[in-house]
Amino acid sequence: MLTGKRITLIIGGGIAAFKALDLIRRLRERGASVTSVLTRAGAEFVTPLSVAALAGEKVFQELFDLNDESEMGHIELSRAADLIVVAPATADLLAKMANGLANDLASTLLLATDKRVLVAPAMNVRMWQHPATRRNVETLARDGVLFSGPAEGAMACGEYGPGRMSEPLDIVAAVEAALAGGPLAGRHVIVTSGPTHEPIDPVRYIANRSSGAQGAAIARALAALGARVSFITGPATVPPPAGVTVVPVETAAQMLEAVHAALPADAAVFAAAVADWRVVSAATGKIKKTATGDLPAIELAENPDILAQVAQMGADRPALVVGFAAETDDVLENARAKLKRKGCDWILANDVSPETGIMGGAENTVTLITGTGEESWPRMAKEAVAARLAEAIARHLEGSDGG
Ligand code: CTP
């Protein structure tokens with residue numbers, strides 16, 4: 001049910017716009033109110049009158065409609081909603097969104113909104129498969145935009161393939177999932193993930209074997225419980241999850257800066273395998289071999305400890321700071337010492353000896369060490385570790401509110 005939920009529905013121009021009428025009906029049946037914005041192209045396919053009749057509300061069309069600006073400006077329109085839905089989302093609308101263009105009411109409110117956005121793309125199969133659209137979709141997914149479809153099938157243009165807009169009931173299900181709440185609704189959690197790359201020269205770098213799989217799984221699990229997740233990731237081999245805000249970084253210094261920019265947060269999970277050292281002054285040109293066989297002298301400096309900095313900060317410190325301890329020897333002793341030294345609240349100890357296959361693998365064996373106890377979890381998929389951790393975080397935050 002969507003009782004009391006407010007949806008702003010942007011109807012783009014496309015033959016699928018007629019399905020938006022059914023979508024309005026289905027959303028209202030479930031108790032949502034629907035404020036519609038009809039783009040100029042959308043109005044070529046459905047009339048403002050039919051949209052207004054189904055929505056039971058005035059339809060917004062023009063950015064410079066002074067009446068509307070005084071009653072409800074575009075900023076207000078973009079923020080009063082619980083969710084913005086774009087259906088059909090044309091290739092043009094996706095391109096505008098991905099590039100931050102704001103030249104009409106729909107694109108302006110999409111740029112101004114602080115709410116989650118769910119898009120239901122609809123376009124010709126070749127347009128959907130075009131590299132430009134692929135790039136835009138990737139950018140939007142990284143920005144945390146949610147997608148419903150497109151579906152595969154026969155299209156109005158006579159071609160067959162992906163590009164058909166999702167059916168209204170599928171979009172409704174995606175809306176319900178996006179608004180499902182969950183125990184972490186309204187919470188902001190920062191997750192660092194992946195390795196960092198520390199440049200030696202423009203073509204070489206220091207790195208490690210982290211795939212980013214555990215961090216991505218944690219971000220996905222937190223988002224599934226309703227959290228707003230800032231996912232700050234080094235160059236990982238696994239793709240970032242959908243539905244989180246992705247901040248790609250390369251070096252430890254950039255990761256630290258991105259973490260500070262993402263604060264404040266209710267909790268922070270530091271799953272990144274940050275390189276401990278960086279090259280003091282990376283060469284600006286490629287370092288060449290010398291005729292005499294002299295080896296290059298590479299001077300290292302220690303990277304800032306991001307976890308320790310955040311755990312020991314004052315006013316903006318998240319209520320719960322969680323670290324990982326990747327160890328090969330004396331796993332628990334080292335992890336306990338790390339918890340104290342860094343000042344974090346919880347630490348997940350894991351044995352990353354090569355024979356465990358954990359680093360870069362699909363499973364993990366962790367012990368959760370908190371200030372008050374230790375829990376050894378059996379070896380399980382990284383997704384399962386993530387789900388268990390996300391639930392523990394939700395319980396802890398609920399408890400710390402006195403709830
Ligand atoms: N970490 C961090 N910034 C760093 C180094 C580590 O935020 N510069 C975080 C990691 O994300 C992890 C925790 O600190 O949550 C521990 O990382 P780990 O590599 O196990 O420990 P180190 O501090 O690097 O200590 P050592 O290499 O001596 O084991």
Side-chain angles (χ1 to χ4, degrees), residues 189-199 205-219 222 229-236 238 247-263 265 267-280 300-313 316-318 320-354 356 358-360 364-371 377 382 385-386 389-390 392-393:
V189 185
I190 295 173
V191 178
T192 70
S193 183
T196 64
H197 285 183
E198 309 295 334
Y205 53 80
I206 299 175
N208 58 63
R209 295 186 193 282
S210 164
S211 64
Q214 186 62 83
I218 291 169
L222 290 163
V229 178
S230 295
F231 183 63
I232 300 166
T233 176
V238 302
V247 185
V249 297
E250 199 137 308
T251 64
Q254 290 166 357
M255 187 172 274
L256 176 67
E257 203 182 311
V259 167
H260 278 292
L263 285 167
V269 181
F270 294 88
V274 183
D276 288 315
W277 305 283
R278 67 177 181 281
V279 176
V280 172
L300 298 177
E302 199 165 308
N303 266 330
D305 190 319
I306 306 169
L307 168 63
Q309 269 202 25
V310 172
Q312 291 165 31
M313 70 195 301
D316 261 352
R317 186 193 191 276
L320 182 63
V321 177
V322 183
F324 271 79
E327 309 291 343
T328 52
D329 306 287
D330 304 325
V331 178
L332 292 181
E333 292 87 299
N334 278 330
R336 287 180 202 123
K338 225 170 241 183
L339 175 89
K340 285 223 174 66
R341 193 169 69 241
K342 302 208 182 205
C344 54
D345 304 298
W346 295 357
I347 208 151
L348 287 141
N350 60 348
D351 186 344
V352 291
S353 312
T356 64
I358 283 174
M359 201 101 173
N364 208 348
T365 315
V366 305
T367 299
L368 172 63
I369 304 176
T370 67
W377 297 354
K382 286 182 175 173
V385 170
L389 177 64
I393 291 173

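Ligands are counted one by one from 1 in listed order, and the atoms in each one are counted from 1 as well. Just so it is clear, the values below take in all heavy atoms, side chains as well, and ignore hydrogens, waters and symmetry mates.
Within the model, atoms OG1 of Thr365 and CD1 of Ile358 stand 4.0 Å from one another, a figure rounded to the nearest 0.5 Å. In this structure, NZ in Lys340 is found 11.5 Å from CD1 in Ile347, a value given to the nearest 0.5 Å. Here the CG atom belonging to Leu332 is positioned 12.0 Å from the NZ atom belonging to Lys338, to the nearest 0.5 angstrom. Between Leu389 atom CG and Asn364 atom CG the span is 11.0 Å, to the nearest 0.5 Å.
Less than 4.0 angstrom separates atom 19 (O) of ligand 1 from none of the non-hydrogen atoms of the protein.
Under the 3.5 Å distance criterion, the side-chain polar atoms of Glu250 are left unmatched by any main-chain donor or acceptor of His197. Asn350 places no side-chain N or O within 3.5 Å of a backbone atom of Val366 that could act as its donor or acceptor partner. Using a distance-only test at 3.5 Å, with no hydrogens or angles considered, no donor-acceptor pair links the side chain of Ser230 to the main chain of Ala262. Of the possible donor and acceptor atoms, none in the side chain of Thr233 sits under 3.5 Å from a partner among the backbone N and O of Gly194.
Residue contacts with ligand 1: Ala272 is placed with a nitrogen or oxygen under 3.5 Å of a nitrogen or oxygen of the ligand (distance criterion only). For ligand 1, none of its N or O atoms has an N or O atom of Arg341 under 3.5 Å away. For the pair Ala325 and ligand 1, the shortest N or O to N or O distance does not fall below 3.5 Å.
Each of the following atoms of ligand 1 lies closer than 4.0 Å to a heavy atom of Ala326: 20 (O). Using a 4.0 Å cut-off to heavy atoms of Gly323, the atoms of ligand 1 that qualify are 15 (O).
Counting heavy atoms under 4.0 Å from ligand 1, residue Asp276 touches it through the side chain alone.
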Which is it for Arg317 and Asp345 under the salt bridge (charged side-chain N to carboxylate O under 4.0 Å, His left out) test, yes or no, and what are the steps along the way?
CA-CA 11 Å; Arg317 186 193 191 276; Asp345 304 298; 3.1 Å; yes
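Regarding atom 9 (C) of ligand 1, its nearest protein heavy-atom neighbour is Leu307 CB, 3.7 Å. For atom 26 (P) of ligand 1, the closest non-hydrogen atom of the protein is Lys338 NZ, 3.9 Å. Protein heavy atom at the shortest distance from atom 16 (C) of ligand 1 is Phe324 O, 2.8 Å. Among protein heavy atoms, the minimum distance from atom 3 (N) of ligand 1 is reached at Ile306 N, 3.0 Å. The protein atom (non-hydrogen) at minimum distance from atom 22 (P) of ligand 1 is Lys342 NZ, 3.7 Å. In terms of protein heavy atoms, atom 5 (C) of ligand 1 is closest to Val274 CB, 3.8 Å.
Atom 8 (N) of ligand 1 has its nearest heavy-atom neighbour, among Ala275, Ala252, Pro304, in Pro304.
For Met255, the closest heavy-atom approach to ligand 1 does not fall below 4.0 Å.
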